[in-house]
Structure formats: C-alpha cells, structure tokens
Amino acid sequence: MSAYDHISIEKNWRKTWDKNKVYKVTEDTNKEKCYVLDMFPYPSGAGLHVGHPLGYIASDIYARYKRHKGFNVLHPMGYDSFGLPAEQYAIQTGQHPAKTTEKNVARYREQLDILGFSYDWDREVRTSSPDYYKWTQWIFKEIYNAWFNPISDKAETIDKLKEEFAANGNEKIGPNREQKNIFSAADWSSKSDEEKAFVIDQYRLTYLAETMVNWCPEMGTVLSNDEVKDGLSARGGFVVVQKKMLQWNMAITAYSERLLQGLDGLDWSSALKDIQENWIGKSVGAEVAFAVENNEKKIDVFTTRPDTIFGVSFMVLAPEHKLVKDITTEAQQADINHYIDESRKKSERERQMDKGLPTGVFTGAYALHPFSKKRIPIWIADYVLAGYGTGAVMAVPCGDERDYKFAKHFNIDIPNIFEGVDISESAFSDKEVVIANSDFLDGMKANKAKKLCIHKMQEAGFGEAKINYRLRDAVFSRQRYWGEPFPVYYKDGVAQIIETEHYPLTLPEVEKYLPTEDGKPPLGNATNWSWCTNKNIIKPNTDQNGTCTWPMELNTMPGWAGSSWYFARYCDPKNTEEFASKEKLEYWNNVDVYIGGAEHATGHLLYSRFWTKILFDLGHLPYQEPFKKLVNQGMILGKSNFVYRLVGTNTFVSKDLVKDQKVQALHVDISMVKPTVEQIGEKTHTVYVLDTEAFKNWLPEYSNAEFILDNGRYTCGVEEEKMSKSKFNVQTPDDLVVSYGADTLRMYEMFLGPLEQAKPWDVGGINGVYSFLKKFWRLFHLNENFELSDAQATKEELKTLHKTIKKVSDDIENFSFNTSVPAFMIAVNELGALKCNKREILEPLMVLLSPFAPHICEELWSLAGNEGYVVEQSYPVFIESHVVESTYEYPVSFNGKMRFKLELDLSLDKAAVEKEVLNFEKTKEYLGGNTPKKVIVVPKKIVNIVM
RNA sequence: GCGGAUGUGAUGGAAUUGGUAGACAUGCUAGACUUAGGAUCUAGUGCCGUGAGGUGUAUGGGUUCGACUCCCUUCAUCCGCACCA
C-alpha cells in the first residue's frame, strides 16, 4: 500500500474496533469517570445531514481525548424515537410507526458508524422501546405520588402529605392550587375518603386540570408553550388556538425558583442561561386585594410597582377572569358578553396581531382604592392575560404605557403621581423617580416607597410582597398515538394509577392512527391493552373478552417525557429492576459535557432539569443538575436554490430577468443546480445554473415547464437557510465520506469555524483538509514505502511536536477545535520541510491526532508495528523545556532609582523576543524622566505600568 | 419595546492577558513536474502606489506610549422573549 486509501483503511478499522468492542465501557472505580453526551436525535426519514454530526464529532473528539488522558469515559448514543413524523407517515400509509422508526434508526446507525464515532453501542437507548418507556411510566407514577412541600422546598411523597394533613391540616403548607382554602387537622379528619382523595389530587406534582391549552386543530393535539412560536406550531407551522381541555399537567412552576437558582452553578453559556431565566420570568412585587363596591368578592392583582398605587385610576380584568360574571352590572351585561365572545374567537395569533387601538368594556362595577377609598371603575380587556399573575391589573396610566393608551382611548383619568414629570404625551415608566400626590409616599424615591407601601398593606391586611413567575405548568397530555401510554385508568371518572408490577403498559395496536369518530384520541381505537389481557394479573374491571370496562387514559405523553431522563438510563441501560442502579448512577453521576443545539433551551433542557430535581428530591438520583457543562453547537445552514415561476403560468424566469414581474419563488432540489464560478471584470462570483431537463423530470407538475433563459442558461437564486427536507437543500455526509473519507469530514467540520457559531455549509475548503491528511500520510512514507526512523529527534523537531501538544490540548479543553486543526497543519508542514520521519516525533503525533482522525492514525500506528490500538494509548505529555529554551532577564532602570526586570521567554523564535524587547524599549522611552510607581511584569510581557 | 450575540481580505476564519493584524485553509495569479489533471510541488496574494511609503479590523468619538481587543455613539445582521402588569 502506498497512497492514502481512506476507503479501505476506514472500513477495516471500523470493523476491527466493532469486533473487539474497543469502545465498550464498564464501571471502574479505580479510574476517574467522564460522561460525555450528545443530545440524542429523532430518527427522521431524511437521514443525517451534514449539520447533525457537527456536535457528535466535537463530543467524540473530546471523549477520545479524555480516554487518552486516562479517564473512564461514558460516551453513549441513542434515539428519541417517539414523535410526530413517524405517526403522520402512519396515518398516510398505514405503516406502523414502530416499523418506520426501526428503518430510520437503521439508516442513522449506518451513517453514524461511517463517521467512526467511539460510542459504546451496548448502551443504546430508544425512548419508544417498552424496556425504556416502562421506566418513563414509572417516573410518571413517582411524580404522581409526589407533592411539593414549600417549607422544605422540595418534592416529598404523598404519604408525607397525608401525615402533614393529619398533623396540621394545610395551615402550614398553604392552600392547594384549585380551591385556595385553608383547613385544620380536625377538618381533615372529618373529610370523607373521596374528599380527601380530591384534596390530595390538587397537591400532586402531576395533576389533571381543565386548563387553557394551545390546541392545534390541524394536528389534533395540544402543544406546550415551547412548542408554539408566534401563534403557530413549531413543527408544521399550523394555527394554534386557545381551548379549555382536561389534561395532565406537570407542576414545573413549583420549581421556578430552584430552576432559576440552579443556573448559577452551571457551566453553560450566558446566552442560554439568559434564555431560561427569561422563560422563567421572575418578577418581584406585591399582591394587593381590592374590595369591590357592594360585593363581598375581592379582586387580587399583582403589581411590580406597589409604589404607584395612588396612581391607580381603573382596574382591568382578563375577559376569562372568574369574577367577571359576579361583578358585571345588568346594564353592562350584554356588552361584556359580546366582548368575551369576540375575544374567545380570536386565536392567540390574532390577539397578538391586533396592536392597533386598545379594546375593552366597562363592567359597570367599581372597586375601592385600599388607601384612599376612591371609586375605581373595573373594565375587562384582552390586553390583560388570564394566565399571568392573577389575571387582573391595577392600571396606573401615568406609569405604564398600555394603561396610558387605554385611559386615553376611553377617556379615563390619568393622575400624575411623579414629581416634575410631564405625562401629557406618554407614560413615564422609569423607576428613577420621586413619588408625589401619594399621601404617605410623597417625596420618596420609588424603591423606598415600594418597601413602605408593602409594609403598610401588610399591616392593614390587604396586600403582601409577592414573587411572580412567567413560567406556566407544562401540559403533559398529547392526543397522539406514537408516545408513551399513561399508566392510568378511570374508575367512576376518577383517575387511578396502575401499579408498577404491570409496567410496561405497552402501546396497543390500532387499526387507524387518526382520532376516533367521536373525537377521542387515536388510542380510543385500541381494544387490546396489554395490561388487561395479561392473564396473570388482576384486572380492574374487565368483561369476558378481557376488555377494560373502566376506561383507560387515551392520551399519550409528550415528546419531552422520554428525553427528560435518558441521560440516567445510559448508566445502566439494561436494568430490568430499576431505572438505573444506585451504584452506577453514583459512579457515572451527572453529565460532564453535554453537546447539542440551543433550540432546546426552553424545552428539553428545562424539563430535564425539572425532572432531575424531582428525582433527586425523591432520592432516586444523586444529583440535582443533569448537565454540568453545556456546549451549544451552531447550526450548519444549507444553501437553498430557487426558481421563479411567473404567477399563474408554468413558465420559469431566470433570476436576473425577474425584475418587476410577479413571480413565485420555489425551492428547487440543490442536486439539479450546478454552482459555476464566473469572472466578471476583476471579480469572480458564483452563478447557480439549473439543469432544466432534470428539473422537468423532477416532479410531474414541471414536466412541461418552459424557461426564459439568460445567456442560454437558467440561473437560480440562492439563500442560506436551515437544512430541511422541505427546502430541498439537505447535504448528506455520505457522498463526502466516499470521496474524502470520514477523517477528512470530521476534521473539515471542525475546521469550518467556531463550534458554537451558525455557519453556512460550504465544501469549498474540504480539499485543504484532505491534502493535509495526505501530507501526514506521506510523512511516514519514503518512495511509497512505509518507513519510520529510530534516530534521535532534533531540538527543532521536538519543539514542533511539543508546541503542537500544548496548543491542541488547550484547544480541546476549551472546545476550540477550529484552531487545533491549523496547529496540526503547521506541524505537518514543518516536519515535512525537515523531512522528519522519526518514531520519537511521529508516534506521539498519531496519538495527538487520533481524536480528530482516528482511522488514519490507527492504520499508521499498526503499520509502525505497535501493540494495541492507538485510540487506547495515553496522551503525550507536554514538556516545556523542548519549547522554551531558556528565560532571559532584561534589566531596566528608570531614572537610576528603580530597577525592574523584564523576564522573557525565549521560546518560539528570536524575532518574538526582539519584539518584546523593542516594545519594552519604547515604553522606557515614553517614561522618560518619570518614575513609575509600579511596573507589573509577567513572563513574556509587560502587563501594566502605573505612573 | 426588552434581553443576548456578532461585525476583520474575494471566502471560511486566526490573533490565549491591550504589544508586528490577516495565522491556517479556500479562491485567484505565475511557474515546475506530468500524456493529462479536479494529483503534487514552488512563489505571490488586504487596499492604494512602479517605488520609498501611505492606509487598513462596520461607523463616529474616547482612554492609552500602544486598541480588532477596554469605554461611549450610530448602523447592520442574527437569536430569544414580547400586551408579563
């Protein structure tokens, strides 16, 4: 063998590693552990595109590096295999989602294998596998059997809740989420069993509730807040409306504060922490109760500005607010009803679009100002959201822009309570202000007034300090087939949890994957539940056919259920007794480095932290935060090409001829477009030429397409977008691996730019990396024969090696792979120029390079006649003396009084040293006759001179 | 509107603490070898200028002996949140 033949080398080593289970990992208490994890993919039908592997390559490099460094590295991979596309495909074709999923998983695996990842595949998990979702169901049950104790600030079992009720009622722990009433221990003991069960349900961490949910009629399911964007579904972009439905919910709000506090100790980018912080949306203020005139009911409002309470001139309730019907006067009833109907009809999106004039209706009722006792008109308006705070606001038009507009529009009083501020044009929302016209708050700065006001309200008993969060409880039911079934049935309409001995409660077969005719979710079509037909277990209530007569829960769990705990399962993936054993969980502990996209900031990454905290509180996990360090790889964008069809015709106009004509831009498959570099004058640019024949054959509707050509060809438009099947801009890694090899692709993707940055895919530079590997290969070959010399390395060669060791190790620790690739290139160029083929230099270099390009290094390692695998060798140690030859003390005197030494590192070359000296001379010159107070000098550089 | 990020040659991008801006690679130009090259090697390549030299890190200003780097202004692009009281 002579030339670098990546195809056979890579194939051969993949097989050998696989056969010898080189990457299998077991718990070993003698070694320090390191858990390196990728966000597992949803196996879609399109296969992997070049964007997917970016993060996987980075984590693989890190995992391999840590292995070299002597760590016991857990580096697993699996599939988030429940999800919508497989189900949609099932609806269209009748093919069972499990089959589609199986097929897609196989394709993913093939593509992953080709890239030479060092996963321990014995630990693979799939969220849709019954062995796995058995434990997802178990976790659901654990959460169901838990409540959040505000005193201990953690989740506890329902048994503890019962003890608490028996001892103190709910006087200490506070009211439940529905009734808000307080009862004593005596009250509790006098309750019937049904009543008790009902009360307990209101404290559970997962609970059934009729809540306003994001309903997507097109998809026939509800969506959680993070699955909705701009009033449209994140997947598919369908319209989402608000609808009241009975759903399972997860009480994530109980953990708002801990989720917020926990961010502090995490090594995550501040951008991502900000997103989560924003999403949780903590605001500090007060809750104030306003009495209603001629009515016993009180209206609670939340405000962040209690200091402006004397500026209140009206109140606004959300149209859905409970008290609206109680307070509305007869005269206003018709108007109010009309307004409520109108706003109910509007989708979330329409509400957002309506940013014109404020709308609202007066209820006819008045509240009484708690301090001044003035009458305050109560309105309803849909700019107040039912879901935030108490669903009611005290409107302070002089201090809030929305209140101001509302007051102006409806001619409501705008009292000015700010000293020296003009509010004739707009509200003044700055907090740096002195309060006026406010009784006991006059002359105070806002901050001080805030505190005093809360104090006074507390004294008088109508208000108190309060913290509010934007975060909502997460809806946990989906009206879909392809998800985890709930271990729940309904006895006389009351939810009952199925006991763990019957898990997994497997997903039953159905004829059709669509909702039933009477509108039940797809599982309504199921007749055969495993739990009911298993002969050895007690069935709740079945007829002779084994069919449940007590209905099962027909919803399934959302996609984030399975992904919220999979990192724990990897530690012990085959365990049938527990979701993972204590010892293994303790050994592997939490994830040291987690790599994935930032798009999961408010979904997966938040829910995982939430579940981890519950499981920690209940004693099932030894850590509170699942992911210590998080690295967000940027998206790789695809270049999309467009053709322009004249509206209403089948004629396509070349890009530069479109001008003002009415055209429709359509995505065209990038495989039919050839980028061609052209010279125009001095500059070059790329034009995208369409293969018109291929285009005609592409889709039937284009078979008789006509083209208006430009210079005899059709040029397409180009744009950078997210890679997606529907945009026909997907670049798969497959072809590139065939022409250049996995090692080249791995290094090229790293070379492309900073890992965290979004960047367009461009194969232009791949040749540079490929020729680097060829050069590396050539270092070991003389006249086409492998040849390695045992001669002693020169100083220069050692310098090249060790400087590379230093650079590459530092870079890997910082996830700065894009700069370590050039370090290798420089090393190879230098060693090539020195004609160095010495074992002493090249063997460490192989080890160094192997995390990036494992196949070629393994091949050369074996050709060099070494034992074992290069991927198992320990990492070469950086020896400073090979790089730094000596240090040099440069005496300096200022003014003849003080002496300083400039220590210089004579490392790289003379020029660098001379530069430092020169710089220092310049400084000295500048200092002239002055005496500096202090000169801080560190090796290599003057840091500061204080005069 | 609020919060965050980014802005450097034709292109992707280097510049670890303020100290020769443009490493490394792509592209381009010229040359060598070759039957040929989309193989390999050599040289050149920020811009203006024949040259010495001048100029240059989105814009304008500031701090500093010295600024891509620190501070302020403006502009542009991207991301997150958005009637959040």
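Because the structure is a prediction, the values reported are computed rather than measured. All chains are named by letter (A, B, ...) in the order of the sequence lines, taking the proteins before the strands, and each is independently numbered beginning at 1.
For A/Phe462, the ring pair (Phe, Tyr, Trp, His ring centres under 6.0 Å) criterion is met by A/Phe371, not counting sequence neighbours. For A/Phe302, there are no ring pair (Phe, Tyr, Trp, His ring centres under 6.0 Å) partners at least two apart in sequence or on another chain. For the ring pair (Phe, Tyr, Trp, His ring centres under 6.0 Å) test, residues two or more places apart in sequence or in another chain that qualify with A/Phe776 are A/Phe780. In this view, A/Trp761 and A/Tyr748 satisfy the ring pair (Phe, Tyr, Trp, His ring centres under 6.0 Å) rule, not counting sequence neighbours.
Among the atoms of the strands shown, none is found under 4.0 Å from any heavy atom of A/Lys806. Residue contacts for A/Asn818: at a heavy-atom cut-off of 4.0 Å it reaches the sugar-phosphate backbone alone, with no base atom in range. Residue contacts for A/Gln757: at a heavy-atom cut-off of 4.0 Å it reaches the sugar-phosphate backbone alone, with no base atom in range. Using a 4.0 Å heavy-atom criterion, one finds that A/Asp762 contacts no nucleic acid atom at all. Residue-level contact check: A/Phe751 touches the bases, meaning some heavy atom is under 4.0 Å from a base atom. Here A/Pro760 lies out of heavy-atom contact (under 4.0 Å) with every strand. Within the 4.0 angstrom heavy-atom criterion, no nucleotide atom of any strand lies near A/Ser816. Residue-level contact check: A/Gly764 touches the backbone only, with heavy atoms under 4.0 Å from sugar-phosphate atoms and none from bases. Note on A/Arg472: nothing from the nucleic acid sits closer than 4.0 angstrom, heavy atoms only.
Within the model, atoms CD1 of A/Ile61 and OG of A/Ser820 stand 7.0 Å from one another, a figure rounded to the nearest 0.5 Å. To the nearest 0.5 angstrom, A/Tyr4 atom OH is 5.0 Å from A/Leu773 atom CG.
B/G27 adopts an anti glycosidic conformation, its chi angle falling more than 90° from 0.
Using a 4.0 Å cut-off between a side-chain N of Lys or Arg and a carboxylate O of Asp or Glu, A/Lys803 and A/Glu830 qualify as a salt bridge.
Note: CD1 (A/Ile280) to C1' (B/G3) measures 15 Å, nearest angstrom. For the pair A/Glu756 CD and B/U6 P, the computed distance is 11 Å after rounding to whole Å.
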What protein N or O atoms touch nucleotides 31-38 of chain B N or O atoms at under 3.5 angstrom, if any, and at what distances?
none

Polar pairs (N or O, both sides) under 3.5 Å between protein and nucleotides 79-81 of chain B?
unit_1: B/G80; atom_1: OP1; unit_2: A/Lys229; atom_2: NZ; d: 2.6
unit_1: B/C81; atom_1: O3'; unit_2: A/Arg470; atom_2: NH1; d: 3.2

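Counting only heavy atoms from C-beta on, A/Asp382 has its side chain closest to B/C83 among B/A85, B/C83, B/G3. Among B/U26, B/C24, B/C84, the nucleotide with an atom closest to any side-chain atom of A/Pro822 is B/C24. The A/Arg778 side chain lies nearest to B/C41 when the options are B/A85, B/C41, B/G13.
For the OP1/OP2 pair of B/U40 and a distance below 4.0 Å, the side-chain nitrogens and oxygens of A/Lys774 include at least one atom meeting the criterion. Taking only side-chain nitrogens and oxygens, A/Thr819 never comes nearer than 4.0 Å to OP1 or OP2 of B/G13.
The stretch residues 825-834 of chain A touches RNA chain B through A/Met825, A/Ile826, A/Asn829, each having a heavy atom under 4.0 angstrom from the strand. Listed in residue order, the members of residues 302-311 of chain A having a heavy atom less than 4.0 Å from RNA chain B are A/Phe302, A/Thr303, A/Thr304.
Side-chain N/O atoms of A/Ser256 and A/Thr253 include no donor and acceptor closer than 3.5 Å.
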Please list every donor-acceptor pair under 3.5 Å in which a side-chain atom of residues 762-769 of chain A meets a protein atom from a residue at least two apart or in another chain.
unit_1: A/Asp762; atom_1: OD1; unit_2: A/Gly764; atom_2: N; d: 3.1

N/O donor-acceptor pairs under 3.5 Å from side chains in residues 282-289 of chain A, not counting sequence neighbours:
unit_1: A/Lys282; atom_1: NZ; unit_2: A/Glu257; atom_2: OE1; d: 3.1
unit_1: A/Lys282; atom_1: NZ; unit_2: A/Glu257; atom_2: OE2; d: 3.1
unit_1: A/Ser283; atom_1: OG; unit_2: A/Tyr388; atom_2: OH; d: 2.8
unit_1: A/Glu287; atom_1: OE1; unit_2: A/Lys466; atom_2: NZ; d: 3.4

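In this structure, the side chain of A/Tyr404 does not engage the main chain of A/Ile414 through any donor-acceptor pair within 3.5 Å. Judged by distance alone, the side chain of A/Asp811 and the main-chain N or O of A/Phe817 form no donor-acceptor pair under 3.5 Å.
Between A/Phe314 and A/Phe406, the ring planes lie parallel to each other; the angle is under 30°, not in the 30° to 60° tilted range.
Nearest-nucleotide positions on RNA chain B for A/Asp810 and A/Ala823 put A/Asp810 closer to the 5' end.
Applying the side-chain hydrogen bond (donor to acceptor under 3.5 Å, both in side chains) test to every pair with at least one member in residues 389-403 of chain A, sequence neighbours left out, gives these pairs: A/Tyr383-A/Asp403, A/Asp400-A/Arg402.
Taking atom P in both B/G22 and B/G56, one finds a spacing of 16 Å when rounded to whole Å.
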Here RNA chain B, pairs taken as Watson-Crick or G-U under 3.5 Å and shown with ( ), [ ] when crossing and | when to another strand, reads (((((((..(((......[....)))((((((.......))))))(((....)))..(.(((..]....))).))))))))....
